[in-house]
Number of protein chains: 2
Amino acid sequence: MHDRLNKNSMAVLKMVRASHSHPTASEVYEAVRQERPQIGLASIYRILHNLVEQNYIKELRHGDDTCRYDAHTARHDHAICTQCGALLDIPIDVALPQDLLEAAAQATGIEFSSHELRLYGRCPTCQGQAVQHKTVE
Amino acid sequence: MHDRLNKNSMAVLKMVRASHSHPTASEVYEAVRQERPQIGLASIYRILHNLVEQNYIKELRHGDDTCRYDAHTARHDHAICTQCGALLDIPIDVALPQDLLEAAAQATGIEFSSHELRLYGRCPTCQGQAVQHKTVE
DNA sequence: AGAAAAATGAGAATGATTATCATTATTAGT
DNA sequence: ACTAATAATGATAATCATTCTCATTTTTCT
Ligand SMILES: [Mn+2]
Ligand SMILES: [Mn+2]
Ligand SMILES: [Zn+2]
Ligand SMILES: [Zn+2]
């Protein structure tokens with residue numbers, strides 16, 4: 001399943017692994033360009049798809065229209081800021097009761113294979129800013 | 001928060017409510033056109049955004065690049081088919097332990113306001129089809 | 001080395017969504 | 001009802017992330 005990676009692919013994988021912020025394709029492009037200035041954006045997309053295919057990384061999508069990549073491949077959950085859209089890792093293992101998951105899967109008829117919990121709320125950065133609707137105009 | 005809705009907005013809201021399949025903007029457009037043939041796609045997008053803003057409906061996004069709308073505004077969970085991408089409602093209330101949710105929120109520092117559980121697996125339709133990788137070529 | 005196969009990157013094409021703007025309804029004041 | 005002001009509409013163009021195409025380059029294999 002895991003093929004050997006060439007230099008471009010290695011550079012992309014390293015960048016995604018080094019980033020702890022679920023980078024977008026164009027963020028990966030800008031970073032990888034530092035090391036491999038000749039690389040093209042089409043290759044970034046192609047390589048990211050290959051890495052997903054080969055289970056080196058995962059693809060994430062939420063509110064905005066760009067998709068993000070995650071080198072953290074173990075099952076884990078995310079928190080999404082309702083104000084700025086930030087996508088944060090939940091750094092602990094949230095052990096949801098297996099029977100609840102199975103009951104939910106059964107209710108839809110899907111062949112359950114994995115799950116993700118998403119929490120919504122204001123992120124720490126946004127909490128530090130003026131509270132919505134409470135500022136004097 | 002809820003303004004009065006005009007005819008176009010009502011037609012859009014009715015369509016989203018009648019559909020049980022999380023329709024896309026262009027699916028809404030095609031359906032609403034039957035009743036209001038002069039409506040433009042720009043109005044569909046504008047109205048859908050207004051309805052989201054006013055909490056009549058919710059916006060959902062997952063794997064593909066189109067966003068989907070849901071008239072079911074009470075908190076609920078979804079199942080996503082790993083083969084065809086179908087987005088299905090989980091028709092039961094999955095009561096996750098509140099302390100787990102709070103611990104997860106605390107771990108990220110977000111001001112917890114809501115959550116969604118996503119299950120991944122093959123949907124009933126896809127299960128009915130040939131099993132992946134087991135077909136003879 | 002030389003042929004065949006695979007990978008690359010520049011640039012065009014695609015497709016969903018958003019912005020613009022002239023026209024058409026709706027509202028409020030008379 | 002009449003009119004001025006305001007808001008909503010829809011056709012069309014613009015945007016932007018992603019995908020496609022294809023000539024060129026790099027790698028693999030003999
Ligand atoms: Mn993550
Ligand atoms: Mn739903
Ligand atoms: Zn935030
Ligand atoms: Zn399916």
Side-chain angles (χ1 to χ4, degrees), chain A residues 1-16 19 21-54 56-70 84-87, chain B residues 1-16 19 21-54 56-70 84-87:
Chain A
M1 182 164 265
H2 281 202
D3 287 346
R4 181 86 106 292
L5 302 179
N6 64 19
K7 286 182 180 177
N8 278 348
S9 298
M10 269 311 245
V12 169
L13 179 56
K14 268 188 193 152
M15 187 278 168
V16 179
S19 165
S21 61
H22 306 103
T24 64
S26 85
E27 285 163 358
V28 172
Y29 179 50
E30 290 310 326
V32 169
R33 241 136 111 64
Q34 309 293 100
E35 283 189 31
R36 318 214 95 234
Q38 80 298 348
I39 201 170
L41 184 54
S43 298
I44 298 290
Y45 277 103
R46 200 170 26 222
I47 291 167
L48 286 170
H49 290 160
N50 291 344
L51 293 175
V52 168
E53 188 77 16
Q54 299 172 216
Y56 281 106
I57 62 178
K58 288 179 144 182
E59 201 176 275
L60 288 175
R61 201 183 285 261
H62 70 114
D64 60 14
D65 57 356
T66 62
C67 98
R68 297 179 164 275
Y69 295 90
D70 194 340
C84 72
L87 176 63
Chain B
M1 181 165 265
H2 282 202
D3 288 345
R4 180 87 105 292
L5 302 179
N6 65 18
K7 288 181 180 178
N8 278 349
S9 298
M10 269 311 244
V12 169
L13 179 55
K14 270 187 193 153
M15 187 280 169
V16 179
S19 165
S21 61
H22 306 102
T24 64
S26 83
E27 285 164 357
V28 172
Y29 179 49
E30 291 309 327
V32 170
R33 242 136 111 64
Q34 308 293 99
E35 283 189 31
R36 320 213 95 235
Q38 78 300 347
I39 201 169
L41 184 54
S43 296
I44 298 290
Y45 277 104
R46 202 171 22 227
I47 291 167
L48 286 169
H49 289 160
N50 291 343
L51 293 175
V52 168
E53 188 77 17
Q54 298 171 219
Y56 281 106
I57 62 177
K58 289 179 144 181
E59 202 175 275
L60 289 175
R61 201 183 285 261
H62 70 114
D64 59 14
D65 57 355
T66 63
C67 98
R68 296 180 164 275
Y69 295 90
D70 194 340
C84 72
L87 176 64

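In this text the structure is predicted, and so the values were computed from the model without any measurement.
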Selected nucleotide, minimal atom distance to A/D65 side chain, candidates D/dT9, D/dT12, D/dA17: D/dA17
Phosphate contact (C/dA25 OP1 or OP2) by B/N8 side-chain N/O below 4.0 Å: no
Interatomic distance where CG belongs to A/N6 and C1' belongs to C/dG9 [whole Å]: 14 Å
Shortest side-chain distance from A/Y45, nucleotide among D/dA11, C/dT8, D/dT18: D/dT18
Separation of D/dT12 P from B/I39 CD1 (nearest whole Å): 16 Å
B/L5 side chain reached by B/I47 side chain, heavy atoms, under 4.5 Å: no
Rounded distance in Å - OH (A/Y29) to P (D/dA17): 13 Å
NZ (A/K58) with more than 12 external heavy atoms under 6.0 Å: yes
Atom pair distance, as rounded to whole Å: CG in A/L5 and P in C/dA6: 17 Å
Nearest-Å distance for atom pair CZ/P, residues B/R33 and D/dT9: 17 Å
Side chain of A/A25 (C-beta onward), nearest among D/dT18, C/dG9, D/dG10: D/dT18
A/K7 NZ to C/dA7 P, straight-line distance once rounded to whole Å: 16 Å
Side-chain heavy-atom pair B/H62, B/R68 within 4.5 angstrom cut-off: yes
Length of the line joining B/I44:CD1 and C/dA16:C1', which is rounded to integer Å: 15 Å
Presence of A/H49 side-chain N/O under 4.0 Å of D/dT19 phosphate oxygens OP1/OP2: yes
More than 12 heavy atoms from other groups under 6.0 Å of CD on A/E59: yes
Non-hydrogen side-chain atoms of B/L60 and B/L87 separated by less than 4.5 Å: yes
Spacing between B/L48 atom CG and C/dT18 atom P, to the nearest angstrom: 10 Å
Earlier contact from the 5' end, DNA chain D, for A/R46 and A/L41: A/L41
Touch class at under 4.0 angstrom, heavy-atom based, for B/S43 against every strand present: base
Base D/dG10 to side chain B/R36, donor-acceptor N/O within 3.5 Å cut-off: no
Phosphate-side-chain proximity, B/Q38 and D/dG10, N/O vs OP1/OP2 below 4.0 Å: yes
